[in-house]
**Q** 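Below is a structure I'd like to ask you about.
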Amino acid sequence: MKKFSVVIAGGGSTFTPGIIMMMLDNLERFPLKKLKLYDNDGDRQGILGEALEILLKEQAPEIEFSYTTDPEVAFSDVDFCMAHIRVGKYAMREKDEKVPLRHGVFGQETCGPGGIAYGMRSITGMLEIIDYMEKYSPDCWMLNYSNPAAIVAEACRVMRPESKVLNICDMPVGTLRRMSQIIGKAPEELEVRYFGLNHFGWWTSVKDTEGHEYIDQIRNYVSEHGYLTQIEVDTQHTDPSWQETHKKAKDILAVTPDYLPNTYLKYYLYPDYVFEHMKDHPEFTRANEVMQGREKTVFDHAQQIIAKGTAEGIAFDIDAHATFIVDLARAIAFNTHERMVMIVENNGAIANFPDDAMVEVPCIVGTDGPEALTQGKIPAFQQAMMFQQVTVEKLVVEAYVENSYQKMWQALTLSKTVPSAQVAKELLDDLIIENAGTWPELH
Ligand code: NAD
Ligand code: G6P
Ligand code: MN
């Protein structure tokens, strides 16, 4: 079998070790020749790089491993770039979550004003790594996890329409794993129909390979417990705040009982509830929970490996749900035509939705990339919500391209999470100060 060369952009990410452990676990399905880490923060990446170098020498010495901050070294001679950068790192995620609170609005990584602020930062970093990839490995595919995926995907559609960038999210896969537990089936046996935007969608069907429909059974469960399941299905979405989110799916389902909701809809359907919860501990948001949790654990493990000079007995968790990335890389490399939920240009996949919207739908993926499966017409409620939200995402990208204060103000005003144009303006002025140097100048 052919062996592949992969660069991970955002090598210093808290998810890097988990993804590498997952790839080591899947070498029979996706053999690796070279594995490189790339980050623009050499110190942060260096800790993970040094530890992973020790680990890989012990567990997979045949893979050529390296880490670098030099784009030419990183992006030359690679088949796939797995990207998960966070422009501004955790310091800025904290601001995305905390600045809106001053204005009576919740703050979140990808939704509402926090997501809009992050989007404005992310576009620059994403365009930079896409351009490096195309310069040094023109045939390479980028499998991009970097958030906010909806805004990043729209920015790619507008500014890099020919680039081989696939934007993906692990939430549909992660939630499907929960559903598979609810009905006692393996996730690989399930096929879904789904429509929406990133972090903004609904499942309309969950069937097994024989065509048996499980949506009623799952709905009954979710209407009582949300997506909380007995056994945890991954290591990522287990902290108290995530448990709360899985549970809240019960109330989201109550609004649109026909379809199973993505948990992120809680930010749009229950923004007041989210704000009330955050208001009680404005100094401790999800960013703090991650910094004290996942980030600390991952970097502590790395430091221990470096100190001992061996990874024996110091395990990084395997990021099991991220097998999605290997499945996707395989689909492209081996033309498997596997079915996966991805973020793509609509072009009729959702019949009563604009062609030029970046939507999240099931696709068949092969060597030429994804082909969207048609999901038919969607109900007015979802269509209206999605149209409002996709327009927010488009306005952010237009604001970026045109350096337009006006469009950014409109984007915040239109967001279902912001109560008025007045609040949007005050929030925008605050965000401009807090994001100084990381946003394009707006005027
Ligand atoms: P992190 O801050 O730990 O890691 C991000 C890394 O990116 C940092 O080491 C940082 O130095 C680096 N970076 C920032 N800007 C860069 C640039 N221009 N070029 C190269 N490197 C750059 O963040 P994390 O919590 O591990 O998350 C990483 C990313 O993955 C985030 O964007 C997060 O939202 C995303 N994510 C997405 C999904 C999804 O469903 N799509 C799932 C999980 C994580
Ligand atoms: C899910 C979403 C990602 C998001 C992540 C945040 O996996 O699909 O888009 O980045 O959650 O998780 P965290 O643990 O960093 O809050
Ligand atoms: Mn996501």
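Read the numbers this way: they start at 1 and go in the same order the structure lists the ligands and their atoms.
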**Q** Is there a side-chain contact between M340 and I168, using heavy atoms and a 4.5 Å cut-off?
**A** no

**Q** Can you confirm whether more than 12 heavy atoms, excluding those of E189, are under 6.0 Å from its CD atom?
**A** yes

**Q** Any side-chain donor paired with an acceptor under 3.5 Å for N403 and E441?
**A** no

**Q** Measure the distance from atom 24 (P) of ligand 1 to every protein heavy atom, then report the residue, atom name and distance (to 0.1 Å) of the closest one.
**A** T14 OG1, 3.5 Å

**Q** Do N288 and T285 have a side chain donor and acceptor closer than 3.5 Å?
**A**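 Checked: N288/T285 side chains pair up, N/O donor to acceptor below 3.5 Å.
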
**Q** Return yes if a side-chain donor-acceptor contact under 3.5 Å exists between Y118 and R121, otherwise no.
**A** no

**Q** Would you call R160-D131 a salt bridge at under 4.0 Å N-O?
**A**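 Salt bridge flag = yes for D131 with R160.
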
**Q** Ligand 1 versus R44, non-hydrogen atoms closer than 4.0 Å: side chain, backbone, both, neither?
**A** side chain

**Q** Which ligand 2 atoms are under 4.0 Å away from a heavy-atom of C169?
**A** 8 (O)

**Q** Just which atoms of ligand 2 are under 4.0 Å from any heavy atom in M171?
**A** 1 (C), 8 (O)

**Q** Verify whether one side chain among T68 and D70 offers a donor that lies under 3.5 Å from an acceptor in the other.
**A**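 Looking only at side-chain atoms, D70 and T68 do not form any donor-acceptor pair under 3.5 Å.
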
**Q** State whether a side-chain donor-acceptor pair under 3.5 Å links S163 with E134.
**A**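 Judged by distance alone, the side chains do pair up.
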
**Q** Using a distance-only test with no angle check, is there a side-chain donor-acceptor pair under 3.5 angstrom linking S241 and E289?
**A** yes

**Q** Take a 6.0 Å sphere around OH of Y270 and say whether it holds more than 12 heavy atoms from other residues, nucleotides or ligands.
**A**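 Enclosed: over 12 neighbouring heavy atoms sit under 6.0 Å from OH of Y270.
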
**Q** Work out whether the distance between some heavy atom of A149 and some atom of ligand 1 is less than 4.0 Å.
**A**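 Per 4.0 Å heavy-atom rule, A149 does not contact ligand 1.
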
**Q** For F75 and C81, which heavy atoms make the closest approach, and how far apart are they?
**A** CE2-SG, 3.9 Å

**Q** With a cut-off of 2.8 Å, which protein N/O/S atoms are close to the Mn ion (ligand 3), if we only count those under it?
**A**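 Short answer, with waters excluded from the count: C169 SG, H199 NE2.
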
**Q** What's the shortest distance from atom 7 (O) of ligand 1 to any protein heavy atom, and which residue and atom give it?
**A**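 Looking only at protein heavy atoms, the one closest to atom 7 (O) of ligand 1 is R86 N, 3.2 Å.
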
**Q** For W203 and Y194, I'd like to know if the aromatic rings sit close, meaning centre-to-centre distance below 6.0 Å.
**A**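 They qualify: ring centres under 6.0 Å apart.
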
**Q** Where the closest heavy atom to atom 8 (C) of ligand 1 is concerned, which of I19, I8, T124, D39 has it?
**A** D39

**Q** Check for me whether the distance between the ring centres of Y264 and H199 falls short of 6.0 Å.
**A** yes

**Q** Is there side-chain contact between F353 and F195, with at least one heavy-atom pair below 4.5 Å?
**A**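 Not touching, per the 4.5 Å side-chain cut-off.
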
**Q** Is ligand 2 under 4.0 Å from a heavy atom in the side chain of T110, in the backbone, in both, or in neither?
**A**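 Neither; nothing of T110 gets under 4.0 Å from ligand 2.
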
**Q** Looking at atom 25 (O) of ligand 1, what's its closest protein heavy atom, distance included?
**A**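 It is Y90 OH, 2.6 Å.
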
**Q** Mind checking whether S146 has an N or O less than 3.5 Å away from an N or O of ligand 1?
**A** no

**Q** Return yes when Q45 approaches ligand 1 closer than 4.0 angstrom through a heavy atom, no otherwise.
**A** no

**Q** How about Y259 and F381: are their ring centroids closer than 6.0 Å?
**A** no

**Q** Tell me which protein heavy atom sits closest to atom 1 (C) of ligand 2, plus the residue, atom name and distance to 0.1 Å.
**A** H237 NE2, 3.3 Å

**Q** So which bit of R93 gets within less than 4.0 Å of ligand 1, heavy atoms only: side chain, backbone, both or neither?
**A**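 Neither part.
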
**Q** Could you check atom 39 (C) of ligand 1 against the protein and tell me its nearest heavy-atom contact, residue, atom and distance included?
**A**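 Closest protein heavy atom to atom 39 (C) of ligand 1: Y145 CD2, 3.2 Å.
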
**Q** Indicate the atoms forming the closest heavy-atom contact of M342 with P370, along with that distance.
**A**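 Scanning both residues completely, I find the closest heavy atoms to be CE-CG, 3.9 Å.
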
**Q** For N147, take its heavy atoms, then give the atoms of ligand 2 lying under 4.0 Å from any of them.
**A** 3 (C), 4 (C), 9 (O), 10 (O)

**Q** Can you report which non-hydrogen protein atom sits closest to atom 34 (O) of ligand 1, along with the distance?
**A**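 Answer for atom 34 (O) of ligand 1: E109 OE2, 2.6 Å.
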
**Q** With a 4.0 Å cut-off, would you call D39 and R44 a salt bridge?
**A** no

**Q** Run the contact test for Y145 against ligand 2 with a 4.0 Å cut-off on heavy atoms, strictly below, and give the result.
**A**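 Contact absent.
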
**Q** How does R93 reach ligand 2, by side chain, by backbone, by both or by neither, if only non-hydrogen atoms under 4.0 Å count?
**A** side chain

**Q** If hydrogens are left out, which of E295, R294, R286 has an atom nearest to atom 15 (O) of ligand 2, that is, the closest non-hydrogen atom?
**A**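 Minimum heavy-atom distance to atom 15 (O) of ligand 2 goes to R294.
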
**Q** Determine the sole option in H281, H277, E276 for which the side chain to side chain donor-acceptor pair (under 3.5 Å) test with K279 is passed.
**A** E276

**Q** Angle between ring planes, Y221 versus H225, binned at 30° and 60°: parallel, tilted or perpendicular?
**A**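 Ring orientation of Y221 relative to H225: tilted.
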
**Q** If the cut-off is 4.0 Å to any non-hydrogen atom of E109, which atoms of ligand 2 fall inside it?
**A**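 Under 4.0 Å from E109, ligand 2 has these atoms: 4 (C), 6 (C), 10 (O).
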
**Q** Nearest non-hydrogen atom to atom 31 (C) of ligand 1 belongs to which of F299, Y132, F15, Y118?
**A**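 Closest candidate by heavy-atom distance is Y118.
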
**Q** Side chains of T245 and Y227: donor-acceptor distance under 3.5 Å anywhere?
**A**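 No donor-acceptor contact under 3.5 Å links the two side chains.
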
**Q** Is the ring pair F4/F334 parallel, tilted or perpendicular, if the boundaries are 30 and 60 degrees?
**A**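 Correct class here is perpendicular.
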
**Q** Tell me: protein heavy atom nearest atom 30 (O) of ligand 1, and distance?
**A**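 Going by distance alone, atom 30 (O) of ligand 1 is nearest to H84 CB, 3.4 Å.
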
**Q** Parallel, tilted or perpendicular: which one describes the rings of F65 and Y67, with boundaries at 30° and 60°?
**A**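 Aromatic pair F65/Y67 classed tilted.
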
**Q** Quick one: nearest non-hydrogen protein atom to atom 12 (O) of ligand 2, plus distance?
**A**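 For atom 12 (O) of ligand 2, the nearest protein heavy atom is Q236 NE2, 3.3 Å.
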
**Q** Mark up the atoms of ligand 1 that fall under 4.0 Å of a heavy atom belonging to C169, in ascending order.
**A**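 Listed by number with element, the hits are 39 (C), 40 (O), 41 (N).
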
**Q** Given that the side chain starts at C-beta and the backbone is N, CA, C, O, which of these parts of E295 lies under 4.0 Å from ligand 1, counting heavy atoms, or is it both or neither?
**A** neither

**Q** Just jot down the ligand 2 atoms closer than 4.0 angstrom to any heavy atom of Y264, in number order.
**A** 1 (C), 2 (C), 3 (C), 4 (C), 5 (C), 11 (O)

**Q** So which heavy atom in the protein is nearest atom 4 (O) of ligand 1, and how far is it from that ligand atom?
**A**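 Scanning the protein heavy atoms, the shortest distance from atom 4 (O) of ligand 1 goes to S13 CA, 3.1 Å.
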
**Q** With respect to atom 11 (O) of ligand 2, which of Y90, W242, Y118 exhibits the smallest heavy-atom separation?
**A** W242

**Q** With heavy atoms of R294 as the reference, note each atom of ligand 1 found under 4.0 Å away.
**A**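 So the answer, numbered in order with elements, is 25 (O).
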
**Q** Check each atom of ligand 2 against the heavy atoms of D170 and keep those under 4.0 Å away; list them by number with element.
**A**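 Contacts of ligand 2 toward D170, numbered from 1: 1 (C), 2 (C), 7 (O), 8 (O).
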
**Q** Looking only at protein heavy atoms, identify the closest one to atom 40 (O) of ligand 1 and say how far it is in Å.
**A**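 Checked against all protein heavy atoms, atom 40 (O) of ligand 1 sits closest to D170 N, 3.0 Å.
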
**Q** Could you pull out, from N40, D319, L37, I168, the option with a heavy atom nearest to atom 17 (C) of ligand 1?
**A**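 Checking each option, the heavy atom nearest atom 17 (C) of ligand 1 is found in N40.
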
